Amino acid sequence: MTDTLGTMMGTDMADHWTPDEAFFDLMRDKQAINAMLCEVSGKRVADCHVTSTAKAQRGIIRDVLNGTRKDGKQDWQPRYMAFPMTAYTKRGGIDAIDDWHAVKHHHA
């Protein structure tokens, strides 16, 4: 329902939410974190840090977003905050994304 309403209303979550410490603390999936790093700092930085720890990659993302590092996209929002929500991996398992795929044909 959230994705349906957000899509219908054209909601931009950047107007209402920014990544905070709770967001960073909940980031666990290394593949997703590296994809986020690529969005924030670019492919070169993400490729250079593909073997770095998740903690180090989260730190780079945090530093770009808070302005400590100037080599990235400070106005970034994770795909999870878009309407409709999208994933960083092809593994699936995010109920909200699966639910959206089940009803999206109603919004075409």
Side-chain angles (χ1 to χ4, degrees):
M1 180 178 259
T2 302
D3 275 331
T4 299
L5 291 173
T7 300
M8 290 174 64
M9 296 170 58
T11 303
D12 182 357
M13 286 304 294
D15 294 339
H16 310 284
W17 182 86
T18 56
D20 58 12
E21 286 307 309
F23 174 76
F24 290 109
D25 289 344
L26 293 171
M27 291 170 61
R28 299 273 187 250
D29 186 285
K30 182 95 181 281
Q31 187 180 6
I33 294 168
N34 191 258
M36 291 178 197
L37 180 60
C38 186
E39 289 178 347
V40 172
S41 291
K43 183 168 175 32
R44 184 184 60 77
V45 172
D47 287 349
C48 287
H49 291 280
V50 73
T51 59
S52 296
T53 65
K55 181 178 180 179
Q57 290 185 24
R58 284 191 308 260
I60 295 167
I61 295 168
R62 184 184 291 110
D63 289 347
V64 169
L65 297 179
N66 71 22
T68 303
R69 290 178 65 127
K70 302 294 183 192
D71 61 346
K73 187 176 176 185
Q74 291 181 316
D75 62 344
W76 172 82
Q77 287 286 304
R79 294 178 193 173
Y80 306 130
M81 291 294 157
F83 292 108
M85 177 190 297
T86 57
Y88 284 97
T89 70
K90 296 187 186 295
R91 287 190 305 271
I94 300 175
D95 290 341
I97 294 173
D98 296 338
D99 293 346
W100 172 254
H101 288 295
V103 300
K104 71 180 180 181
H105 65 279
H106 295 293
H107 301 281

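Predicted model only: the values in this text are computed from it and were never measured. The first residue of the sequence shown is numbered 1, and numbering continues consecutively from there.
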Subject >> Gap between atom OH of Y80 and atom CD1 of I97 - 0.5 Å precision >> reply: 7.0 Å
Subject >> Which atom of Q57 lies closest to which atom of K30, heavy atoms considered >> reply: NE2-CE, 3.4 Å
Original post:
How would you list all residue pairs meeting side chain to side chain donor-acceptor pair (under 3.5 Å) that involve residues 39-48, not counting sequence neighbours?
Top reply: E39-W76, E39-R79, E39-Y88, K43-D47
Original post:
Looking only at heavy atoms, what is the nearest atom pair of A54 and I33, with distance?
Top reply: CB-CD1, 3.7 Å
**OP:** Return the minimal non-hydrogen interatomic distance between Q74 and V64, and the atom names on each side.
**Re:** CG-O, 3.1 Å
Original post:
Partners of A14 by side-chain contact (heavy atoms from CB on, under 4.5 Å), sequence neighbours excluded?
Top reply: D12, Q77
**OP:** Could you tell me which non-hydrogen atom of P19 sits nearest to which non-hydrogen atom of L65, and how far apart they are?
**Re:** CG-CD1, 3.8 Å
Subject >> By side-chain contact (heavy atoms from CB on, under 4.5 Å) - contacts of V50 (at least two apart) >> reply: N34
**OP:** Just jot down the side-chain contact (heavy atoms from CB on, under 4.5 Å) partners of T68, sequence neighbours excluded, or say none.
**Re:** D63, N66
**OP:** Evaluate the side-chain contact (heavy atoms from CB on, under 4.5 Å) criterion for residues F83 and M13: first the C-alpha distance (whole Å), next the side-chain angles of each, then the deciding distance (0.1 Å), finally the verdict.
**Re:** CA-CA 9 Å; F83 292 108; M13 286 304 294; 3.5 Å; yes
Original post:
Are any non-hydrogen side-chain atoms of I61 and F23 less than 4.5 angstrom apart?
Top reply: no
Original post:
Which pair of non-hydrogen atoms, one from T89 and one from A32, has the smallest distance, and what is that distance?
Top reply: CG2-N, 4.2 Å
Original post:
For the atom pair OG1 (T4) and NZ (K104), what is the distance rounded to the nearest 0.5 Å?
Top reply: 12.5 Å
Original post:
Which residue pairs pass the side chain to side chain donor-acceptor pair (under 3.5 Å) test when at least one of the two sits in residues 16-28, sequence neighbours left out?
Top reply: E21-R62
Subject >> Contacts of R69 that satisfy salt bridge (charged side-chain N to carboxylate O under 4.0 Å, His left out) - sequence neighbours left out >> reply: D71
Original post:
Measuring from R58:CZ to S52:OG, what's the distance to the nearest 0.5 Å?
Top reply: 12.0 Å
Original post:
side-chain contact (heavy atoms from CB on, under 4.5 Å) between V40 and V45: does it pass, once the steps are laid out?
Top reply: CA-CA 9 Å; V40 172; V45 172; over 6 Å; no
